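For ligands, and for the atoms within them, numbers begin at 1 and follow the listed sequence. The structure presented is a predicted model; accordingly, all values stated were derived computationally and were not measured.
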Amino acid sequence: MDASTVTRVALIGGDGIGPEVTEEAVKAMSAACGGDAFRFDRLPYCADFYLETGKSLPEGELLRFKRDYDAIFLGALGDPRVPDMRHARDILLGARMKLDLYINKRPVRLLKEELCPLKGRRRGDIDIVLYRENTEGAYAGIGGTLHEGTDDEIAVTEMVATRRGVERIVRAAFEDARSNGRGRVCMASKYNAIPHAHGLWSRVFRAVATEYPEITSTERFADVVAMELVRDPTQFGVIVTSNLLGDILSDLAAQVVGGIGLAPSANVHPGKVSLFEPVHGSAPDITGKGIANPLAAILTGAMLLRHVGRQADAKRIDAAVDAVIASGQTTPDLGGTLTTSAVGDAVCSYL
Ligand code: ATP
């Protein structure tokens, strides 16, 4: 997209701290690109909307997103009043599946030594991008229950792996390693325990790796990757993995560089309308207190800018977040004393 055109963003603040952090991301994106660069449409989809209307989204809304917007920005979904998370599943998993957002990209960078719970790791030592497959695996929604609520209850969830689905995410990981000079791709699977689905992952990974001879490729069991992320995270460049394993490994990796208050993510189909959301949830325990860390949402905004072709502006946001962290202008989760909006203002002051 031409950086001079208006980027149309469907903005879903969602539940809990979602709206609080989303507004800070809007502030930072507008400061980086100029307010005229965007049209943000604030949409009301959240637990309140679901409880009032009985619907997570109006009929056909996901298809309208595809037609009317360049990107979707989501704060967070999740509310104790909706214990089965129905609206969150409909919106988030619905968008991932219906918009075919097959890449869940989660960068993990250590921005300050003090944020790392491990000894002796310095700023820049840890710089990983995790590619999580986002449309298949145990999240494909295939399964069922028998004799529910009785002692004979049976529940089955099928794990889906297709050659096409695995190949496209593995290729995206290798392309990142090539274009960003990361030089390494590690595939995490459990093909020892799940030989069919993860055997396919293994075969596809080896085949794709031959097209990238300059990239070091390794296959490891996901439990070993979890261990190694704690023992020596500096050994990783790009990690590619399946849906459920990626969910777990990316939270673990985020914790190693300062926690989920700093972890951005993008649900992407290259060239198509994609969805951007911080990794964290709605955090009901801190909602309304003004202490939610907005940096994950702001870094997520930078990922959105990259997706719509505003690389230089995205870089400026990343640099502003670096500066804010280096100067200790943070919320209490990172050891600071600032409020959510004061951190947003601090980021904007560097833009
Ligand atoms: P959900 O069900 O929506 O995922 P959750 O409470 O299970 O909600 P998170 O919302 O991710 O999961 O919260 C996990 C912990 O991290 C909570 O203690 C929360 O306060 C904290 N947390 C999450 N996001 C932030 C943030 N942006 N800033 C500060 N703390 C956060």
Side-chain angles (χ1 to χ4, degrees), residues 12-28 45-51 56 73-96 104 106-109 111-112 114-115 117 130 132 134 139 243-244 246-267 275-303 317 321 324-325 328-347:
I12 304 174
D15 299 315
I17 62 168
E20 302 171 33
V21 297
T22 299
E23 289 308 321
E24 300 312 314
V26 167
K27 249 164 54 179
Y45 311 130
C46 62
D48 282 339
F49 182 89
Y50 175 71
L51 293 168
S56 306
F73 192 100
L74 174 64
L77 291 167
D79 187 301
R81 294 171 300 162
V82 189
D84 67 355
M85 302 277 283
R86 176 65 201 258
H87 69 303
R89 265 206 324 275
D90 287 349
I91 298 172
L92 192 53
L93 295 187
R96 286 176 181 170
N104 190 193
R106 298 184 163 191
V108 175
R109 280 193 306 143
L111 299 177
K112 191 181 191 183
E114 292 81 344
L115 298 179
L130 201 133
R132 165 190 174 191
N134 215 20
Y139 289 61
N243 211 335
L244 181 59
D247 189 19
I248 299 164
L249 290 176
S250 60
D251 270 25
L252 172 62
Q255 207 54 48
V256 167
V257 295
I260 50 177
L262 266 183
S265 94
N267 299 268
L275 186 151
F276 300 81
E277 45 150 2
V279 169
H280 63 74
S282 58
D285 54 330
I286 58 166
T287 299
K289 296 185 177 162
I291 55 167
N293 185 349
L295 294 178
I298 291 171
L299 290 169
T300 299
M303 294 185 83
I317 291 189
V321 169
V324 159
I325 288 178
Q329 299 177 80
T330 57
T331 42
D333 59 306
L334 297 186
T337 55
L338 296 192
T339 61
T340 306
S341 66
V343 172
D345 291 342
V347 171

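For R89, there are no salt bridge (Lys or Arg N to Asp or Glu O under 4.0 Å) partners, not counting sequence neighbours. Considering only residues two or more places apart in sequence or on other chains, H87 meets the side chain to side chain donor-acceptor pair (under 3.5 Å) condition with D15.
Remark: the backbone N or O of G16 is not paired with any side-chain donor or acceptor of S282 at under 3.5 angstrom. Within the 3.5 Å criterion, the main-chain N or O of G288 finds a donor-acceptor partner in the side chain of E20.
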Do any nitrogen or oxygen atoms of ligand 1 lie under 3.5 Å from a protein nitrogen or oxygen, and which ones?
from, atom 1, to, atom 2, distance (Å)
ligand 1, 3 (O), S282, N, 2.8
ligand 1, 3 (O), S282, OG, 2.9
ligand 1, 10 (O), G281, N, 3.3
ligand 1, 10 (O), G281, O, 3.4
ligand 1, 10 (O), S282, N, 3.2
ligand 1, 10 (O), A283, N, 2.7
ligand 1, 11 (O), G281, N, 2.8
ligand 1, 18 (O), D285, OD2, 2.9
ligand 1, 20 (O), D285, OD1, 2.9
ligand 1, 20 (O), D285, OD2, 3.0
ligand 1, 27 (N), H280, NE2, 3.4
ligand 1, 27 (N), N293, O, 3.0
ligand 1, 28 (N), N293, N, 2.9

Distance-only criterion, 3.5 Å: show the donor-acceptor pairs between side-chain atoms of residues 250-260 and protein atoms not counting sequence neighbours.
from, atom 1, to, atom 2, distance (Å)
S250, OG, R106, NH1, 2.6
S250, OG, G246, O, 2.8
S250, OG, D247, O, 3.2

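Checked for salt-bridge contact, R81 and D79 meet the test: a charged N lies under 4.0 Å from a carboxylate O.
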